[in-house]
Amino acid sequence: MNRLSVSLPGLELKNPIMPASGCFGFGREYANLYDLSLLGSIMIKATTFETRLGNPTPRVAETSSGMLNAIGLQNPGLQKVLTEELPFLAQYDIPIIANVAGTLTEDYVEVAKHISAAPNVHALELNISCPNVKCGGITFGTDPVVAAELTAAVKEVSSVPVYVKLSPNVTDITTIAKAVEEAGADGITMINTLLGMRVDERTGKPVLANKTGGLSGPSVKPVAIRMVYEVRQAVSIPIIGMGGVASTQDVIDFMSVGADAVAVGTANFVDPFICPTIIEELPDYLDALGVAHISELVGRAHR
Amino acid sequence: MNRLSVSLPGLELKNPIMPASGCFGFGREYANLYDLSLLGSIMIKATTFETRLGNPTPRVAETSSGMLNAIGLQNPGLQKVLTEELPFLAQYDIPIIANVAGTLTEDYVEVAKHISAAPNVHALELNISCPNVKCGGITFGTDPVVAAELTAAVKEVSSVPVYVKLSPNVTDITTIAKAVEEAGADGITMINTLLGMRVDERTGKPVLANKTGGLSGPSVKPVAIRMVYEVRQAVSIPIIGMGGVASTQDVIDFMSVGADAVAVGTANFVDPFICPTIIEELPDYLDALGVAHISELVGRAHR
Amino acid sequence: MIRQERMQIVRHKQLAENIFELTCIGQLVSEMKEPGQFVHVRVSDSYEPLLRRPISIASIDRETLEFTMIYRADGRGTTLLSRKQVGEELDVLGPLGHGFPLHHDEKGSTVLLVGGGIGVPPLYELSKRLNENGIQTIHVLGFLTESVVFYEEKFRALGETIVCTIDGSRGTKGFVTDAIEVLPANFQTYYACGPTPMLRALQHQMPTIPGFLSFEERMGCGIGACFACVCKTESLPDKEYVKICSDGPVFPAGVISL
Amino acid sequence: MIRQERMQIVRHKQLAENIFELTCIGQLVSEMKEPGQFVHVRVSDSYEPLLRRPISIASIDRETLEFTMIYRADGRGTTLLSRKQVGEELDVLGPLGHGFPLHHDEKGSTVLLVGGGIGVPPLYELSKRLNENGIQTIHVLGFLTESVVFYEEKFRALGETIVCTIDGSRGTKGFVTDAIEVLPANFQTYYACGPTPMLRALQHQMPTIPGFLSFEERMGCGIGACFACVCKTESLPDKEYVKICSDGPVFPAGVISL
Ligand SMILES: Cc1cc2nc3c(=O)[nH]c(=O)nc-3n(C[C@H](O)[C@H](O)[C@H](O)COP(=O)(O)OP(=O)(O)OC[C@H]3O[C@@H](n4cnc5c(N)ncnc54)[C@H](O)[C@@H]3O)c2cc1C
Ligand SMILES: Cc1cc2nc3c(=O)[nH]c(=O)nc-3n(C[C@H](O)[C@H](O)[C@H](O)COP(=O)(O)OP(=O)(O)OC[C@H]3O[C@@H](n4cnc5c(N)ncnc54)[C@H](O)[C@@H]3O)c2cc1C
Ligand SMILES: Cc1cc2nc3c(=O)[nH]c(=O)nc-3n(C[C@H](O)[C@H](O)[C@H](O)COP(=O)(O)O)c2cc1C
Ligand SMILES: Cc1cc2nc3c(=O)[nH]c(=O)nc-3n(C[C@H](O)[C@H](O)[C@H](O)COP(=O)(O)O)c2cc1C
Ligand code: FES
Ligand code: FES
């Protein structure tokens, strides 16, 4: 028996561990470090219809137990992702989750239609929550009606299940979660980054060229854990949890509050081998908790 | 010339440094450690009409570069604060900011009316943002209409200027800020804690008896800095900034994005002498920045 | 008076599995008066871990200005503490709280000291002081298992000492209450420190004997300002709750709701 | 191949004001090939500071498996790094990026190496290797002031070396470009590392001479995955941007928009 296997809409995962979107590119760099087939899945970098150059630099700034980023969805565009990146990833035995972004609903729909047809894309992750792009992105993620409409539009064209990635920068995340569930979302991924800022010590001006950026890393984990806990009670579709995961214990914590699988973002920069390390350590943790299969941990905070 | 003096509605401050509400009790404990007259002001623990026992324990949990608390507004109640705590503080040469809390509008109004009449209370801080009480508190802080109504009601009875303390757990903090400004608020204090959760490693259950708690400390500073930056552009009343301040540089950073004064919360637990230390260090920092008076730093991020 | 001091580490050694004994020197020691008080230790200059850790004072030498703590390296903070080297500085806030009373019993009387696990350390200074005052001490020290037993000989040097372990790997098998059960009841007072279930059991076992119990609760400030460490009281008419850090950690048996 | 290794610190000493030289030993060194590559160093096992710090490789000894970095202890991370003791382990990821070309110039030719501040270190390994290949090196090293000058003698042992300081406290007064101005123009190529304004000035000053510039940008992953460290390009037809960490940090002059 595989004690770590997890079955989610569209996704048969060997284990519930996957790198989070934007923190792993399209896998090429980490493929030099270890065999990507070890992973449960990969959430690839946000893909937009056209090529995006992203924001000016500096794009990252360190904070206490965290970092801010304002990459701005830089990516080579749908065409290149279809012809170069996804075929590269096809050599590995893993289902890919394609992170889809855009400015208008039509952009999302266009990308979703084509990218969901790629053979190794087994699910979409609708990025309605990127705080680092001017229009689109964040507004979709903060208004339940708009989020639901977008979800429905993408569902209509997607040939694979659609997960919606929620923004933590909202008053009540359960409202958005319920809205996208009703609109047909197959799952939820959460959380994207918290909007933050850092200023230069000498000048007092924002360090990031984009002024604000998205906060990630261990500092946001308590917020992410709370939100997964809340959303688990509000919806019945699966949740892929993330936000500050940097250790095997963190994975257990996210599953305890209700995540069915867990994504690792920023921690890949700190320890590029973090995903395979967690996967290797998980069985020992299950033993210590006296648990036969990892799914037994899911939602135990609520029991 | 006092290079650190700051003039705010109701408050003539020797310096812009004050302990944040709930992190300094009513000053008695820190009075054993240093002369409270050194401080710019003190924001006393939230006072409610009746005595409150607060939440069950555990009430605190540590997180990466931060902590969660769910004290639940424990306080001796208005009467005792008026007869015991405020008279004790009257021996120190500082204006007091009274943090006012309640469940219903009437509670706030009642406390505000009486506490604002105390001779050493020079301003009120309306706590519409405590995440650790069941009703009242947080809801006031997330709905602009309700926040404005409460502000107006309290303004009517208060004999001193009223500052409104904003919650960061909202989609758009500037909407709330503008609403309370229009309703007559004399100033804004921000931010209260971010709602978070930690689970026990072994059981997977929430560590805090209250389940969720408020996140504070250095981990939240990037969020607080971003919000002060945003609110500074949205309103013209003064802002007392807080959230993760733990060093003199942090104070400079908050003033750079637009805070007129700065409160120190959690850091008092880590270093009980942090407030006087910052006050002592500030002049050297001003020298290094080539600034004659601290007010010159206010809002330089926007210039 | 409470002081904050960067004290110097003069000795640091492992006593048992994950159990360390750490001795610091500094002026702060001159403020240490009551056995059962604690210090609030910052284990890192970084913000991670952020909060101080409360650790009991295990012994005080006011002449050499040294004091000793004994702690279990368990979580993140205490593990970091265990890596500190002799000669390094340690940021200590203390002494905090109110300890055990030293004048409750008369010269010549016999008292019982009961410790559980890392609740044992503060009893050592207490025992020394009681014996100095001519009071006989019987010690019942409970541990999980043999590998975490410490200070057995040190206590034996001060009075009768019964060690018990839950698995029976050392001393008598069972809980401290089992050991007390078979003890001749010739003691006037009991003094205890250990996990809350142990304190509850003791209070239940000895309802008529005066006792003093030292409590633990998660702390923020450690000095009484943040209301993190409160406990409901049973019997104090004017106070519905007390703060472990500043009103305690030691309370007479019966005061705290258990 | 890129490796992550807990290397051992074998030497660590201060060279100048806030400037430290740190030597580590480990298998990772066998992967180090090009001068101008860098390593990504984790300065603490804690999450604070969280990110790795990019530091250039200053010299490589593949026989002893030792390599040396030289860094300025300035911010939080490098200050923590400066406190590490010989014998401690250091988490190093590397070697990263593409360094200076070693076969651009022919044996017997003369080239110019220009370093500014903490841009000087990678030029040392470069100079050694060029000299090994029979190429003459002229070094122009710019520093802020005398107290932060380092490695002057080491460079002098390899070739003509002009040190300049902005305040004139050591060597010639002024910027590196001032020193180059008065240099006989007998070099075929220039190689430079330093702050961006310096690189810009050099490119402007020597528009017709082939040059190789090493760039700096704030980094996340250090391996090309996060898009933190991109720069717009001037001249690459197929690429509108490059990543400093994986495409660079060294680029031919003219490639990066300055
Ligand atoms: C008055 C008092 C005296 C104490 N004396 C001793 C002693 O002499 N020797 C000893 O080994 N331990 C003692 N403890 C317990 C000790 O404080 C905890 O074991 C320690 O704080 C755990 O920290 P950590 O870094 O290992 O654990 P972590 O899991 O990293 O701790 C996380 C947070 O929880 C708090 N915490 C965790 N466990 C406890 C606990 N049992 N009690 C209070 N807070 C806790 C920590 O202080 C920290 O804020 C005492 C506790 C109190 C309240
Ligand atoms: C390819 C490359 C090679 C380098 N080689 C050297 C070297 O050999 N010696 C040396 O002293 N320095 C070198 N640097 C600069 C060095 O990385 C920074 O000085 C260092 O990261 C600052 O960290 P801190 O902890 O002192 O500062 P902090 O202010 O604590 O840094 C905060 C964050 O900003 C980043 N950061 C700050 N300054 C810089 C900078 N100038 N460039 C890139 N990131 C920065 C840090 O990496 C960190 O993420 C190099 C940089 C790069 C990109
Ligand atoms: C550098 C960087 C780039 C990111 N890019 C994307 C992106 O393209 N699409 C997306 O949905 N999320 C993106 N994110 C958010 C992460 O996927 C993740 O939701 C967030 O960082 C929280 O997880 P962490 O704390 O583990 O990093 C990015 C995060 C970082 C740090
Ligand atoms: C233990 C604790 C108790 C608090 N109690 C109150 C309170 O009674 N009223 C209030 O307005 N804010 C309260 N706060 C919030 C702080 O005043 C402050 O807004 C917040 O902690 C952010 O600042 P910091 O990161 O410096 O702690 C409390 C915070 C903590 C940590
Ligand atoms: S720990 Fe703050 S009141 Fe006890
Ligand atoms: S630092 Fe991540 S791409 Fe260069």
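Atom set for the values below is all heavy atoms of this structure, side chains included, hydrogens, waters and symmetry mates excluded. So you know, we letter chains A, B, ... as the sequences are listed, proteins then strands, and number each from 1.
- More than 12 heavy atoms of other residues, nucleotides or ligands sit less than 6.0 Å from atom CD of B:Gln233.
- By number of non-hydrogen pairs under 4.5 angstrom with chain B, the leading residue of A:Leu289, A:Asp200, A:Thr203 is A:Thr203.
- Taking CG of B:Leu215 as the reference point, atom CG of A:Leu194 lies at 9.5 Å (rounded to 0.5 Å).
- With 3.5 Å as the limit, one finds no donor-acceptor pair spanning the side chains of B:Ser65 and A:Ser64.
- Chosen from B:Val257, B:Asp172, B:Val220, B:Val199, the residue pairing most often with chain A at heavy-atom distances under 4.5 Å is B:Val199.
- Counted by atom type alone, A:Thr171 and B:Thr171 present one or more donor-acceptor pairs between their side chains at under 3.5 Å.
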CA sep, side-chain torsions, deciding dist, call: A:Arg226, B:Leu68, side-chain contact (heavy atoms from CB on, under 4.5 Å): CA-CA 11 Å; A:Arg226 183 263 298 182; B:Leu68 292 165; over 6 Å; no
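- If you tally non-hydrogen atom pairs under 4.5 Å between each of A:Arg300, A:His302, A:Met227 and chain B, the highest count goes to A:Arg300.
- The environment of CD in B:Glu281 is crowded: more than 12 heavy-atom neighbours from other residues, nucleotides or ligands sit within 6.0 Å.
- Distance check, rounded to the nearest 0.5 Å: OG of B:Ser256 to CZ of A:Arg202 gives 12.5 Å.
- Looking only at distances, no side-chain donor or acceptor of B:Arg198 sits under 3.5 Å from a matching main-chain atom of A:Pro222.
- For chain A, the nearby parts of B:Glu201 are the backbone and the side chain; heavy atoms of each come within less than 4.5 Å.
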Tell me, with the steps shown, if A:Lys205 and B:Arg303 meet side-chain contact (heavy atoms from CB on, under 4.5 Å). CA-CA 9 Å; A:Lys205 303 248 184 268; B:Arg303 290 196 284 263; 4.3 Å; yes
